[in-house]
Q: 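Input: one structure, supplied below.
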Amino acid sequence: MALYNSILDLIGDTPLVDVSGLSPNPRVRILVKLEGQNPGGSVKDRVAKSMVEEAEKDGTLVPGQTILESSSGNTGIGLAMVARVKGYPLEVVLPENVSEERKQLLAVWGAEIILSPGREGSNGAMRMAQRLAAENADRWFPFQYGNHANPKAHYEGTGPEIWRDCPEVTHFVAGLGTSGTLVGVGRFLKERKPSVQVWAVEPPAGEMVDGLKSFDEGFVPPIFIEHDGYELLDRKTVVGTRESVEWTVRLCDVGVFAGISSGAVVAGAVRCAQKIDEGVVVAVVADGGWKYLSTGAWTEDIDHVVERARGTIYF
Amino acid sequence: MPVDVRLPTVLRQHAGGMASVKANGTTLAEVFDDLVRQFPGLAGQVVTDNGTLHKFVNVYVNDDDVRYLDKLETKVSDDDVVSILPAVAGGALATN
Ligand SMILES: Cc1ncc(COP(=O)(O)O)c(C=O)c1O
């Protein structure tokens, strides 16, 4: 520990912890990178800082300008902290069915919340933010799904940290939202060690996809396409809510209090450990459990928790 | 050998409103050929005319996205569930 000039200097350089006690295969180690240790509480602090500082550098964001972004929570919270410290007003388009704690945290940092329809999920929030940004050209719209500073934060931060702390890595597993984590870290690790396998974990697609009228209304993040996501990923797998909650709870056995998406990612790491003969799996724990206490995941009957989680966005 | 194919809402109009149908094949390509034989309205919807998956469609065998398995050559067997879903932004909703 040391003396820091700004809270923003505490973003990144997160710990990597051996949780091989959860591995079903004695020849496979599992390590988790604890992104909840970031000051704003999630992996998205890295992305928020990176997008804001790139825009300050190239002049697209000027002092006092209002920032407008869509988020299922963590990017909004990270941006809200960075924006507050740097003096930018912030508006966040948030699906109404995210956990209550995510809304509360945005309020803590003084962000203005604009709610989008829950059944449209993150997709709907993104579309609404795109519309609002087009109508309000005075706002700065970082658009995390298409902003190269998003994967860059992982290519220059998360990836090198993993490589520094664990060059033995054979598999990298992370959640897939914007794809920033996977394409940024995936590219960095494969450049150093082409044999590294990159696994994406997704939550199950819910009712949100029912609203689309045709496949042509679908969306693949521009950063995924432009950063060769199709070539970088070796596997993409869906982990259901029950299994995600079960692994979120099991993480406590090794002292890790994490969010529900991390339970999904660790479930993916465990499936990976079952499939391979030997190796070292590095998985990303995107945030801590604090924002999910209201789900009752750790203390209540799992059927009840899964039922309550139905319709809630946790990625 | 029939497999279970789950259809997204946008395709059900072409399959008599059904959410789930049976189709035969040992690879995904064969399964989709059989689907189109049963429901001609599905032609070109999932597999484009040049034989690749539609850009905004994700196809899963059980839990795995077939783009990272063997794409349309991915093998399927009896108990497998094939799910077709539109690609959308970000985390989805928790429903199971
Ligand atoms: C809790 C959580 N897990 C995983 C992700 C996915 O990360 P990325 O957007 O880098 O794909 C996000 C962000 O969307 C998140 O908030």
Q: Side chain to side chain contact (heavy atoms under 4.5 Å, CB included), that's the test. Do B:Y68 and A:D234 meet it? Break it down for me.
A: CA-CA 6 Å; B:Y68 309 96; A:D234 297 290; over 6 Å; no
Q: Checking heavy atoms, do the side chain of B:N62, its backbone, both or neither come under 4.5 Å from chain A?
A: neither
Q: Are A:K236 and B:D64 close enough for a salt bridge, meaning some N to O gap below 4.0 Å?
A: no
Q: Check the pair B:D63 / A:E202 against side chain to side chain contact (heavy atoms under 4.5 Å, CB included), numbers first and verdict last.
A: CA-CA 10 Å; B:D63 293 325; A:E202 294 179 295; over 6 Å; no
Q: For A:R271, is it the side chain, the backbone, both or neither that has a heavy atom under 4.5 Å from a heavy atom of chain B?
A: side chain
Q: Side chains of B:R67 and A:L233: closer than 4.5 Å at any heavy-atom pair?
A: no
Q: Just wondering, are more than 12 heavy atoms of other shown residues or ligands nearer than 6.0 Å to CG in B:D49?
A: no
Q: May I ask you to check whether over 12 heavy atoms, not counting those of A:D303, lie within 6.0 Å of atom CG?
A: yes
Q: Can you say whether A:Y230 sits under 4.5 Å from chain B via the side chain, the backbone, both, or neither, judging by heavy atoms?
A: both
Q: Identify the two heavy atoms, one from A:F219 and one from B:A89, that lie closest to each other, and give their separation to 0.1 Å.
A: CD2-CB, 3.3 Å
Q: Can you list the steps and then say if A:D216 with B:H54 is a side chain to side chain contact (heavy atoms under 4.5 Å, CB included)?
A: CA-CA 9 Å; A:D216 294 322; B:H54 186 294; 3.2 Å; yes
Q: For A:I260, is it the side chain, the backbone, both, or neither that has a heavy atom closer than 4.5 Å to a heavy atom of chain B?
A: neither
Q: Can you see which heavy atom on B:V10 is nearest to which on A:L212, and at what distance?
A: CG1-O, 2.7 Å
Q: Which pair of non-hydrogen atoms, one from B:L85 and one from A:F215, has the smallest distance, and what is that distance?
A: C-CE2, 4.2 Å
